[in-house]
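To keep things clear, I will list the structure first and then write my remarks on it.
To find a chain, count down the sequence lines: A is the first, B the second, and so on, and within it residues start at 1. It should be emphasised that the depicted structure is a prediction, and the values quoted were computed from it without experimental measurement.
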Amino acid sequence: MPELPEVETVRLGLRPVMEGAVIDKASVRRPDLRRPFPPRFARRLAGRRITHLGRRAKYLLAELDDGNVLVMHLGMSGSFRIEAEAKDTLPATTHHPRGKLAAHDHVVFDLSSGARVIFNDPRRFGLMDLIPRADLARSPLFARMGIEPLGNEMGGALIAGLFKGRAAPLKAMLLDQTRIAGLGNIYVCEALWRARLSPSRPAGSIATGRKTAANRADALAAAIRDVLGEAIAAGGSSLRDHRQANGDLGYFQHRFAVYDREGEPCPRHDCSGIVRRMVQSGRSTFYCPVCQK
DNA sequence: CGCATCCCCTGCCTGC
DNA sequence: TGCAGGCAGGGGATGC
C-alpha cells in the first residue's frame, strides 16, 4: 500500500486513539511478518503508555513511556483499522464488522482509550520492532536513511548534490531511500511528470549544465513537495486497500497524471503525448514521452 | 562502491 | 469454470 502520504494519513488517523493511551494488551497472531517480531514483543508492550505517534519516512514511530519506540512499517499491503468499544463515543465508521478478526489480522492492540487497533497485512512485507529511543538513529533501519522530503532541508540544491555524478536513472535514484526517504513508485512517477523530467535521464544530469541544471533540480524538489503535500491533504491514494484509519478511502488516485494511466492522453494542456508504461528496476514506470525530457 | 536482478508473500485480474 | 501468468503502493540480499 503505502508511500509517505498514506503512512502520514494513517498516523493522523491513529493519533487520536493511540497518543496518551496505555496498551492494555498486545497480541501477535503469528511469529513473524517480513521478519520475526522481537523477543517478548507482546509482553514488553503490555502496560506501556504511548506518549507520541510520529513518522519517519514510511515508518510509524510510537514512542513509549519506558524509553522504547514501537517501530511499524506497512510494507506493500499493511493497514490498520480502529474498532471502538460499544461504550465508546467513537463513530462506527470502520468498514469491517466489529469484534471478529479477519484473515491476515496479525497484531492487535487493546488500548485504554477503549479502542482496539488491528494491523492487517496479507503479503507480510511489513515489520514491527521495538528499539530504545536513544539507539533509533543508529539502528540498522534508520542509520542510512535519507532526508525527509517534506523537511526544511529539502530543495533543489540538496537534490542536485545528492544526485551529482550518478549514472543511474532518475527514477531509481528517487526510489533509493538512502537519499530521499519516503517516495515510492506512485509519487516518483507523479513528481517526475510535474517536473517534466524523464525517468530514464541519468540522475546526475539534473545537476550538470549551467542555469538549466538549477532549474531542473528546483523543479523536481518543488514537484516532490507539492505532490506529497497534496496527497496528504487528500487522505492518500486508495488503489486496492488503503483507507484512512476511520475507514474512509483516500482520493488522491483520482488526481494521478500518469500513474496507472497507460494509453491515456497526457493531462498537460499544451501536450499531445500519450502516457506510456515501461519497466525500470523491475517496476512499472508511467510517463509522458513527449513533455518529460 | 554503483547498479541490476531476484526474492520475500498473497490476492486479484487477464487471457486461454 | 478453472488454471496459468502477470502484476501490485516495499525493501533487502546477492552478484557483477
Which of these nucleotides, [options], is closest to any side-chain atom of [X]?
X: A/Y259; options: C/dG10, C/dA8, C/dG12; value: C/dA8
X: A/A168; options: B/dC3, B/dG11, B/dC8; value: B/dC3
X: A/R277; options: C/dG11, B/dG11, C/dA8; value: C/dA8

Atom-pair distance ([atom1] on [X]; [atom2] on [N]), nearest Å:
X: A/L74; N: C/dA8; atom1: CG; atom2: P; answer: 20 Å
X: A/F125; N: B/dC6; atom1: CZ; atom2: C1'; answer: 12 Å
X: A/I186; N: C/dA8; atom1: CD1; atom2: C1'; answer: 10 Å
X: A/L175; N: B/dA4; atom1: CG; atom2: P; answer: 12 Å
X: A/D32; N: B/dT10; atom1: CG; atom2: P; answer: 10 Å
X: A/R34; N: B/dC9; atom1: CZ; atom2: C1'; answer: 12 Å
X: A/D121; N: B/dC8; atom1: CG; atom2: P; answer: 17 Å
X: A/L33; N: C/dG12; atom1: CG; atom2: P; answer: 15 Å

### Query
Does one side chain, of A/S237 or A/Y187, offer a donor that lies under 3.5 Å from an acceptor on the other?
yes
### Query
Any chance the side chains of A/R144 and A/T178 put a donor and an acceptor closer than 3.5 Å?
no
Distance below 4.0 Å between [X] side-chain N/O and [N] OP1 or OP2:
X: A/H73; N: C/dG11; value: yes
X: A/H104; N: B/dG11; value: yes
X: A/Q177; N: C/dG11; value: yes
X: A/R124; N: B/dT10; value: yes
X: A/R283; N: C/dA8; value: no
X: A/S284; N: C/dA8; value: yes

### Query
Is it the case that more than 12 heavy atoms not belonging to A/R44 sit under 6.0 Å from its CZ atom?
yes
### Message
Can you confirm whether more than 12 heavy atoms, excluding those of A/R133, are under 6.0 Å from its CZ atom?
### Response
no
Select base, sugar-phosphate, or nothing to describe what [X] touches, counting heavy atoms under 4.0 Å on all strands.
X: A/G184; value: sugar-phosphate
X: A/M173; value: sugar-phosphate
X: A/R35; value: nothing
X: A/A172; value: nothing

### Query
With ring centroids as reference points, do A/Y59 and A/F142 lie under 6.0 angstrom apart?
yes
### Task
Kindly indicate whether the side chain of A/R123 and the base of B/dC9 share any N or O donor-acceptor pair separated by less than 3.5 Å?
yes
### Task
Quote, to the nearest angstrom, the C1' distance that separates B/dC6 from C/dG6.
16 Å
### Rounded distance in Å between the P positions of B/dC9 and C/dC3
23 Å
#### Entry: First of A/A103 and A/P169 reached from the 5' end of DNA chain B, by closest nucleotide
A/P169
### Task
Starting from the 5' end of DNA chain B, give me the residue, A/S281 or A/R179, whose nearest nucleotide shows up first.
A/R179
### Query
Taking side chain as C-beta onward, heavy atoms only, is A/E3 less than 4.5 Å from A/I186?
yes
### Task
Can you tell me the pairing partner of B/dC9 across any strand shown, Watson-Crick or G-U wobble, with both distances under 3.5 angstrom?
none
## Note on the structure
Walking DNA chain C from its 5' end, the first of A/L183 and A/V279 to be reached, judged by nearest nucleotide, is A/V279
### Message
What I want to find out is whether A/D135 reaches A/R138 closely enough, with some N-O distance under 4.0 Å, to be called a salt bridge.
### Response
yes
